Amino acid sequence: MSDLERPLRPKRARTWVDWAVQFRWILVILVVLPISKGFDTVAWFREQWSAMKSEKKRQKEHDENVEKVIKRLKSRDAAKDGLVCTARRPWIAVGMRNVDYKRARHFEVDLNDFNQILEIDRENMIARVEPLVNMGQITRMTVPMGLSLAVVAELDDLTVGGLINGYGIEGSSHIYGLFSDTCVAYEIILADGRLVRATADNEFKDLYYAIPWSQGTLGLLVAAEIKLIEVGPYMKLTYKPAVGNLQDLAQAYNDSYCPRDGDQDNPEKVPDFVEGMIYSETEGVMMTGRYVSTEEAKKKGNTINSQGWWFKPWFYQHAQTALKRGEFVEYIPTRDYYHRHTRCLYWEGKLILPFADQFWFRYLFGWMMPPKVSFLKATQGDAIRNYYHERHVIQDMLVPSYKVGDALEFSDREFEVYPIWLCPHRLFKHPMRTQINPEPGFEYAGRPGDTPYAQMYTDVGVYYTPRCVFKGEEYDGVSAVKKMESWMIENHCFQPQYAVSELNERDFWRMFDGSLYQRCRDKYKAVGTFMSVYYKCKKGRKTEKDVAEEEAKVTETAYADVEKPE
């Protein structure tokens with residue numbers, strides 16, 4: 001959409017917050033970056049110490065920590081102690097959503113010691129890990145072994161617990177689904193202090209299917225067993241430019257991984273990894289990758305790009321060169337590829353440090369990048385935080401892949417944000433209806449990418465400041481998010497709960513299917529012990545009235561009159 005077609009917006013008067021945001025890079029360089037690097041260094045030594053222990057020793061420590069949690073949970077006085085949540089500080093969460101429920105009355109249970117990889121089982125191809133193990137930690141251990149989680153979320157600091165209880169995706173999700181779809185078992189401490197192991201085929205299978213997207217409101221996750229796959233040491237990555245209108249770009253993206261003949265399960269026709277980046281209304285680059293051996297990667301004439309070095313150009317800018325160079329192929333070490341967006345936080349790093357992508361900064365200071373999202377949040381204050389909520393966009397829209405073009409047009413009209421990230425994922429048709437489900441009857445439509453057991457969806461990631469804000473114009477971020485959420489409900493889409501949401505409770509349960517979730521809340525006595533997922537995600541500080549109502553709940557009925565298709 002051209003600027004002439006967009007609504008004219010009045011100019012906005014600058015305030016002290018605008019200046020604080022503009023020059024925030026000073027605080028980031030002097031304070032946040034050094035602290036972030038120091039934190040990473042300490043974490044690395046902790047990982048090495050953990051790796052030196054025997055599996056038996058790690059399991060013993062895990063069992064002892066589980067007993068502490070059970071004892072703490074049983075010590076709670078329901079009449080006066082408030083609802084249970086973890087003791088993790090609110091600013092540590094990687095996401096824009098305000099963790100305001102922790103500013104209200106609550107009962108904290110400390111899970112901070114649950115940060116070890118307990119076992120790598122090569123025979124059964126399973127990794128058993130604790131919830132605070134992050135993606136950087138697990139790839140450092142598994143990739144040298146020729147193994148990997150089936151889905152590895154791009155940012156190093158994303159934790160297993162967050163990706164299970166919340167949302168996790170990667171470029172391999174068009175094969176394996178979301179992160180939670182690759183988990184084969186969860187170890188959960190229930191409200192009554194019982195430790196249970198939930199799988200897809202045991203007595204707790206309802207809990208197994210209800211845990212994803214529940215935000216830790218059914219029980220406390222203390223370990224997970226996750227599927228491993230064998231991987232090659234390099235990723236052969238093909239960059240293919242695309243031009244045209246937004247519908248043309250969406251078609252080029254879908255064509256990059258959906259065979260026209262519908263043979264979606266054929267590894268010869270479907271790449272191991274898929275990713276698209278839309279740089280403007282008329283330009284995008286589609287990337288497809290395949291695991292290869294060292295011998296193939298190092299053949300004469302091949303280009304090896306060790307993307308993980310601190311001085312390398314940021315990945316999204318490197319990929320953009322395909323618009324001028326044309327289609328090209330290169331080989332990236334597998335772990336470097338997994339974490340290609342970490343150093344620049346996709347493209348948000350450009351806003352935080354406007355010159356951090358420059359040659360001189362990358363060589364001199366790039367080794368300290370990125371600033372940790374948690375420390376950025378801890379140093380921003382309420383005024384700057386509210387500024388970002390109102391004049392900045394960090395949203396993911398999970399949309400049926402055949403509607404990607406419509407989603408891009410909506411984003412262009414309401415957000416005016418580029419680049420846009422595209423990543424496909426399978427939404428499986430499970431034996432039980434989870435919070436997110438495919439469209440009814442998808443299996444009969446015969447659309448590219450779909451199979452009888454899963455519908456192909458796409459994460460349309462919109463992260464940046466709208467163009468009109470850069471121009472000094474008014475922008476109503478709250479109104480834009482409300483329009484987005486209405487559009488998503490109408491089009492059977494889903495909004496990851498880490499993002500800032502404007503949904504009321506009724507609309508929340510129109511977007512998500514709460515039937516199984518609520519049954520498990522009742523069955524496993526979570527009501528009255530753990531807060532509900534909507535209460536936890538609800539925007540704004542919780543008032544005493546909100547807290548009292550949540551603590552007094554016996555059952556939740558906000559969605560009872562919303563019909564859900566069977």
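In what follows, every heavy atom counts, from backbone to side chain, and hydrogens, waters and symmetry copies are set aside. The structure displayed is predicted, hence computed values, not measured ones.
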Check your understanding: Minimum heavy-atom separation for Leu132 to Asn112, with atom names?
Key -> CD1-CA, 3.6 Å
Check your understanding: Run the side-chain contact (heavy atoms from CB on, under 4.5 Å) check on Leu178 and Phe428 step by step: do they pass?
Key -> CA-CA 9 Å; Leu178 298 177; Phe428 290 100; over 6 Å; no
Revision key, fill the gap. To the nearest 0.5 Å, atom OH of Tyr209 lies from atom CD of Gln435 at 15.5 Å
Review point. So do the side chains of Ile211 and Leu221 get within less than 4.5 Å of each other, counting heavy atoms only?
Key: no
Practice item. Using atom types as modelled and distance alone, determine if a side-chain donor or acceptor of Thr458 lies under 3.5 Å from a backbone N or O of Ser401. Key: no
Exercise for review: List the steps and the verdict of salt bridge (charged side-chain N to carboxylate O under 4.0 Å, His left out) for Glu64 and Lys57.
Suggested key: CA-CA 11 Å; Glu64 291 171 350; Lys57 173 68 172 175; over 6 Å; no
Check your understanding: Does Arg46 offer a backbone N or O that forms a donor-acceptor pair with the side chain of Ser50 under 3.5 Å?
Key -> no
**Study point:** Derivation of the side-chain hydrogen bond (donor to acceptor under 3.5 Å, both in side chains) call for Trp213 and Gln497
**Key:** CA-CA 8 Å; Trp213 295 73; Gln497 296 157 355; over 6 Å; no
Review point. Can you find a heavy atom in the side chain of Tyr453 that is under 4.5 Å from one in the side chain of Lys429?
Key: no
Practice item. Let me know which of Tyr534, Tyr517, Tyr535 forms a ring-ring contact (aromatic ring centres under 6.0 Å, His included) with Phe508. Key: Tyr534
Check your understanding: Is it true that a side-chain atom of Thr334 and a backbone atom of Gly232 form a donor plus acceptor pair closer than 3.5 Å?
Key -> yes
**Study point:** Side-chain donor or acceptor of Asp121 paired with backbone N/O of Ile126 under 3.5 Å
**Key:** no
Point to revise | Derivation of the side-chain contact (heavy atoms from CB on, under 4.5 Å) call for Phe179 and Ile226 | key: CA-CA 9 Å; Phe179 187 87; Ile226 312 171; 3.8 Å; yes
Exercise for review: Work out which heavy atom in Leu345 is nearest to a heavy atom in Pro370; give both atom names and the distance.
Suggested key: CG-CB, 4.0 Å
Review point. CD of Gln395 to CG of Asp459: how many Å apart, nearest 0.5 Å?
Key: 11.0 Å
Revision key, fill the gap. Interatomic distance, CG@Leu237 vs CG@Asn305, rounded to 0.5 Å, equals 9.0 Å
Practice item. Drop me the distance from Ile332's CD1 to Phe273's CZ, to the nearest 0.5 angstrom. Key: 11.5 Å
Exercise for review: Please answer whether the main-chain N or O of Gln116 pairs with a side-chain N or O of Glu130 as donor and acceptor at a distance below 3.5 Å.
Suggested key: yes
Exercise for review: Give the intermediate values and the outcome of side-chain hydrogen bond (donor to acceptor under 3.5 Å, both in side chains) for residues Tyr498 and Asp396.
Suggested key: CA-CA 9 Å; Tyr498 81 87; Asp396 289 89; 2.2 Å; yes
Practice item. Let me see the working for Glu61 and Asn65 under side-chain hydrogen bond (donor to acceptor under 3.5 Å, both in side chains), right down to the final yes or no. Key: CA-CA 6 Å; Glu61 292 176 350; Asn65 289 329; over 6 Å; no
**Study point:** Sidechain N-carboxylate O distance under 4.0 Å for Lys523, Asp206
**Key:** yes
Check your understanding: Taking C-beta and beyond as the side chain, do Val66 and Glu187 meet within less than 4.5 Å on heavy atoms?
Key -> no
Practice item. Evaluate the ring-ring contact (aromatic ring centres under 6.0 Å, His included) criterion for residues Tyr337 and His339: first the C-alpha distance (whole Å), next the side-chain angles of each, then the deciding distance (0.1 Å), finally the verdict. Key: CA-CA 5 Å; Tyr337 177 76; His339 300 293; over 10 Å; no
Check your understanding: Between Phe315 and His341, does a ring-ring contact (aromatic ring centres under 6.0 Å, His included) hold up when you go through it step by step?
Key -> CA-CA 6 Å; Phe315 182 76; His341 293 299; 5.5 Å; yes
Review point. Would Arg128 and Gln59 satisfy side-chain hydrogen bond (donor to acceptor under 3.5 Å, both in side chains), going step by step from the backbone distance to the final call?
Key: CA-CA 10 Å; Arg128 182 167 173 264; Gln59 182 61 47; 2.4 Å; yes
Point to revise | Salt bridge Asp181-Lys227, side-chain N to carboxylate O under 4.0 Å | key: no
**Study point:** Within-4.5 Å side-chain heavy-atom neighbours: Glu170 and Cys423
**Key:** no
**Study point:** Phe375 and Phe39 aromatic centres sub-6.0 Å
**Key:** yes
Practice item. Give the minimum heavy-atom separation between Arg290 and Pro267, together with the two atoms involved. Key: NH1-O, 2.9 Å
Exercise for review: Answer yes when Arg58 and Glu47 have at least one side-chain N-carboxylate O distance shorter than 4.0 Å, and no when they do not.
Suggested key: no
Point to revise | Min side-chain heavy-atom separation Arg340-His318 under 4.5 Å | key: no
Check your understanding: Are Asn254 and Tyr402 close enough that some pair of their side-chain heavy atoms sits under 4.5 Å apart?
Key -> no
Point to revise | Asp263/Lys269 salt bridge by N-O under 4.0 Å criterion | key: yes
**Study point:** Side-chain donor-acceptor pair present, Tyr234, Asn302, cut-off under 3.5 Å
**Key:** no
Check your understanding: Do any N or O atoms from the side chain of Gln455 and from the backbone of Glu439 form a donor-acceptor pair under 3.5 angstrom?
Key -> yes
Practice item. With Arg335 as the cation and Tyr338 as the aromatic partner, state whether NZ or CZ is under 6.0 Å from the six-membered ring centre and within 45° of the axis. Key: no
Exercise for review: Take Asp113 and Lys68 through the salt bridge (charged side-chain N to carboxylate O under 4.0 Å, His left out) test and state the conclusion after the steps.
Suggested key: CA-CA 11 Å; Asp113 290 332; Lys68 290 178 185 177; 5.1 Å; no
Study note, to complete from the structure: Minimal heavy-atom distance between Ser172 and Ala150, with the atoms involved, is OG-O, 2.7 Å
Exercise for review: List the steps and the verdict of side-chain contact (heavy atoms from CB on, under 4.5 Å) for His62 and Val222.
Suggested key: CA-CA 9 Å; His62 173 77; Val222 292; 4.3 Å; yes
Practice item. Let me see the working for Tyr524 and Ile188 under side-chain contact (heavy atoms from CB on, under 4.5 Å), right down to the final yes or no. Key: CA-CA 11 Å; Tyr524 297 107; Ile188 306 288; over 6 Å; no
Check your understanding: Any sub-3.5 Å donor-acceptor pair from Ser306's side-chain atoms to Trp309's backbone N or O?
Key -> no
Check your understanding: If you round to the nearest 0.5 Å, how far is CZ of Phe494 from CD1 of Ile489?
Key -> 10.5 Å
**Study point:** Residue pair Arg343 / Trp314, side-chain heavy-atom distance below 4.5 Å
**Key:** yes
**Study point:** Short side-chain to backbone donor-acceptor contact, Gln137 and Asn115, under 3.5 Å
**Key:** yes
Point to revise | Smallest separation among heavy atoms of Met135 and Ala153, with atom names | key: CG-O, 3.5 Å
Point to revise | Asp255 backbone acceptor or donor facing Arg260 side chain under 3.5 Å | key: no
Review point. Mind checking whether Tyr346 and Tyr463 have parallel, tilted or perpendicular rings, split at 30° and 60°?
Key: tilted
Check your understanding: Between the side chain of Arg122 and the main-chain N/O of Met145, is any donor-acceptor distance below 3.5 Å?
Key -> yes
Practice item. Answer yes or no: is there a side-chain heavy-atom contact under 4.5 Å between Gln215 and Cys537? Key: yes
Revision key, fill the gap. Here the pair of heavy atoms bringing Tyr186 nearest to Pro212 is OH-CG, 3.7 Å
